[in-house]
K.L.:
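The structure follows.
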Amino acid sequence: MNKDRLRNRFELTIALTLFFVLCYAAYCDTIQQKLADDVLRLRVVADSDEAVDQAIKLQVRDNVLEIMQPLEEEAADRQEMQRLLREHMQEIANTAQQTVYDCGSDAHITACLAEEWYPTRDYDTFSLPAGTYEGLQIRIGSAKGRNWWCVLYPALCMDAADGEDVLTEEERSLIHRDGEAYAIRFRTSELLGCLRGMLS
């Protein structure tokens with residue numbers, strides 16, 4: 001009788017623990033999805049990992065960010081930023097291509113807005129969990145080199161303090177390193193994002 005009670009209690013404890021873990025995972029996943037819906041990423045992919053191609057990638061980044069600054073200031077929300085990016089996509093592509101030519105390379109540039117899976121990225125004061133995000137993708141040549149990533153909207157490419165007021169408190173709590181609670185939230189979202197990336 002006692003053994004049956006103990007087994008029942010053990011099974012109930014396991015079931016309740018699993019239930020709360022799944023609920024917490026769903027909560028973290030929801031925050032990550034809301035975060036992905038509120039941001040636009042920027043990804044610049046170098047032609048190769050050769051030093052010259054990596055230097056070209058950074059020059060392309062700098063020149064594209066110069067175009068982005070007035071657009072970011074003009075955009076009232078994410079949808080407005082998407083519209084501005086589409087309107088200025090040819091200018092962005094032309095600037096990136098001219099930068100590549102000025103650096104002495106004839107690599108072809110492609111630029112577009114698209115959704116793709118991003119791995120976890122750590123920045124100076126915050127981190128973004130792995131997941132599917134929409135972003136401006138600039139690919140140089142064969143695009144087989146290392147990437148440069150940032151958050152285009154809100155404007156976090158240069159200063160994480162700029163533009164953060166467009167994120168909700170939950171979203172800010174997910175990306176900022178504020179102790180053990182942050183680590184659990186972040187790692188849960190990171191794991192779910194990685195699993196989703198593998199499945200897709």
Side-chain angles (χ1 to χ4, degrees), residues 32-50 52-123 126-168 171 175 193 196-197 200:
Q32 192 279 324
Q33 287 297 306
K34 286 167 62 179
L35 177 65
D37 290 340
D38 285 340
V39 304
L40 287 170
R41 307 285 294 266
L42 171 61
R43 182 183 182 209
V44 184
V45 191
D47 190 13
S48 75
D49 282 338
E50 295 293 328
V52 63
D53 289 332
Q54 288 295 312
I56 291 173
K57 174 192 73 176
L58 297 179
Q59 190 60 56
V60 167
R61 171 204 66 184
D62 292 345
N63 291 350
V64 167
L65 286 177
E66 283 186 21
I67 298 174
M68 292 297 104
Q69 187 172 358
L71 301 184
E72 291 165 344
E73 293 170 358
E74 183 180 345
D77 54 32
R78 182 181 185 270
Q79 288 70 32
E80 180 72 5
M81 189 64 188
Q82 285 174 308
R83 183 185 66 79
L84 290 169
L85 283 172
R86 290 189 179 100
E87 289 180 358
H88 292 266
M89 192 61 69
Q90 193 59 56
E91 178 189 2
I92 292 167
N94 290 345
T95 297
Q97 189 66 71
Q98 189 58 54
T99 302
V100 170
Y101 290 154
D102 291 345
C103 290
S105 171
D106 60 358
H108 180 66
I109 285 285
T110 60
C112 66
L113 265 177
E115 282 193 350
E116 66 176 337
W117 184 82
Y118 286 78
T120 298
R121 293 298 298 170
D122 293 318
Y123 298 93
F126 69 101
S127 299
L128 283 178
T132 300
Y133 296 83
E134 184 175 18
L136 171 61
Q137 300 176 17
I138 299 176
R139 299 175 184 272
I140 306 171
S142 61
K144 293 182 178 178
R146 291 192 304 276
N147 303 267
W148 185 86
W149 284 303
C150 78
V151 181
L152 190 61
Y153 185 88
L156 303 179
C157 284
M158 294 305 181
D159 185 350
D162 292 344
E164 273 199 24
D165 53 354
V166 308
L167 301 179
T168 66
E171 291 165 350
I175 69 174
R196 193 180 298 110
S200 62

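What's counted below: heavy atoms across the whole structure, side chains too, no hydrogens, waters or symmetry copies. None of these values were measured; they are calculated from a predicted model.
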K.L.:
So do the side chains of Val39 and Tyr153 get within less than 4.5 Å of each other, counting heavy atoms only?
P.N.:
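No; the side chains remain at least 4.5 Å from each other.
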K.L.:
Heavy atoms, side chains only, cut-off 4.5 Å: are Gln59 and Cys103 in contact?
P.N.:
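Of all side-chain heavy-atom pairs linking Cys103 with Gln59, at least one is under 4.5 Å.
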K.L.:
From Leu40 CG over to Gln82 CD, what is the distance, rounded to the nearest 0.5 angstrom?
P.N.:
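That separation rounds to 5.5 Å.
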K.L.:
Take Glu116 and Arg43 through the salt bridge (charged side-chain N to carboxylate O under 4.0 Å, His left out) test and state the conclusion after the steps.
P.N.:
CA-CA 10 Å; Glu116 66 176 337; Arg43 182 183 182 209; 2.7 Å; yes
K.L.:
Tell me, yes or no, whether the heavy-atom count around Asp106 atom CG, taken from other residues, nucleotides or ligands under 6.0 Å, exceeds 12.
P.N.:
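No - once you tally the heavy atoms of other residues, nucleotides and ligands closer than 6.0 Å, there are 12 at most.
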K.L.:
Taking everything shown except Glu50 itself, do over 12 heavy atoms lie less than 6.0 Å from its CD?
P.N.:
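Incorrect, the count does not exceed 12.
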K.L.:
What's the spacing between Arg146 CZ and Asp49 CG if we round to 0.5 Å?
P.N.:
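CG of Asp49 is found 4.5 Å from CZ of Arg146.
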K.L.:
Are the side chains of Ile138 and Val60 in contact, using a 4.5 Å heavy-atom criterion?
P.N.:
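A side-chain contact exists here, since the closest heavy-atom pair is under 4.5 Å.
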K.L.:
Establish, from distance only, whether the side-chain atoms of Gln98 and Asn94 form a donor-acceptor pair under 3.5 Å.
P.N.:
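Checked: Gln98/Asn94 side chains show no N/O donor-acceptor pair below 3.5 Å.
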K.L.:
List the steps and the verdict of side chain to side chain donor-acceptor pair (under 3.5 Å) for Asn63 and Thr99.
P.N.:
CA-CA 8 Å; Asn63 291 350; Thr99 302; 2.8 Å; yes
K.L.:
Heavy-atom distance under 4.5 Å between the side chains of Glu74 and Leu84, does that happen here?
P.N.:
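Yes. Closest side-chain heavy atoms under 4.5 Å.
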K.L.:
Rounded to the nearest 0.5 Å, how far does CG of Leu71 lie from CG of Leu152?
P.N.:
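Leu152 atom CG to Leu71 atom CG measures 8.5 Å (nearest 0.5 Å).
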K.L.:
How far does CG of Leu58 sit from CH2 of Trp148, to the nearest 0.5 angstrom?
P.N.:
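These two atoms lie 8.5 Å from each other.
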K.L.:
Is the shortest heavy-atom distance from the side chain of Ile92 to the side chain of Leu136 under 4.5 Å?
P.N.:
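Side chain of Ile92 against side chain of Leu136, heavy atoms only: contact under 4.5 Å found.
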K.L.:
Determine whether more than 12 heavy atoms belonging to other residues, nucleotides or ligands lie under 6.0 Å from atom CD of Gln69.
P.N.:
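Not buried by this count: 12 neighbours or fewer within 6.0 Å.
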K.L.:
Hey, does Gln97 have a side-chain heavy atom less than 4.5 Å from the side chain of His108?
P.N.:
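His108 reaches Gln97 side chain to side chain.
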K.L.:
State, yes or no, whether a side-chain contact exists between Glu73 and Met68 at a heavy-atom distance under 4.5 Å.
P.N.:
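With C-beta onward as the side chain, the pair stays apart.
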K.L.:
Between Asp53 (side chain only) and Gly145 (backbone N and O only), is there a donor and an acceptor less than 3.5 Å apart?
P.N.:
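Here the side-chain-to-backbone pair does not exist.
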K.L.:
Test side chain to side chain contact (heavy atoms under 4.5 Å, CB included) on Ile140 and Val45 and set out the steps.
P.N.:
CA-CA 6 Å; Ile140 306 171; Val45 191; over 6 Å; no
K.L.:
Counting C-beta onward and ignoring hydrogens, is there a side-chain heavy-atom pair between Leu113 and Arg86 closer than 4.5 Å?
P.N.:
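Result yes, sub-4.5 Å side-chain heavy-atom pair found.
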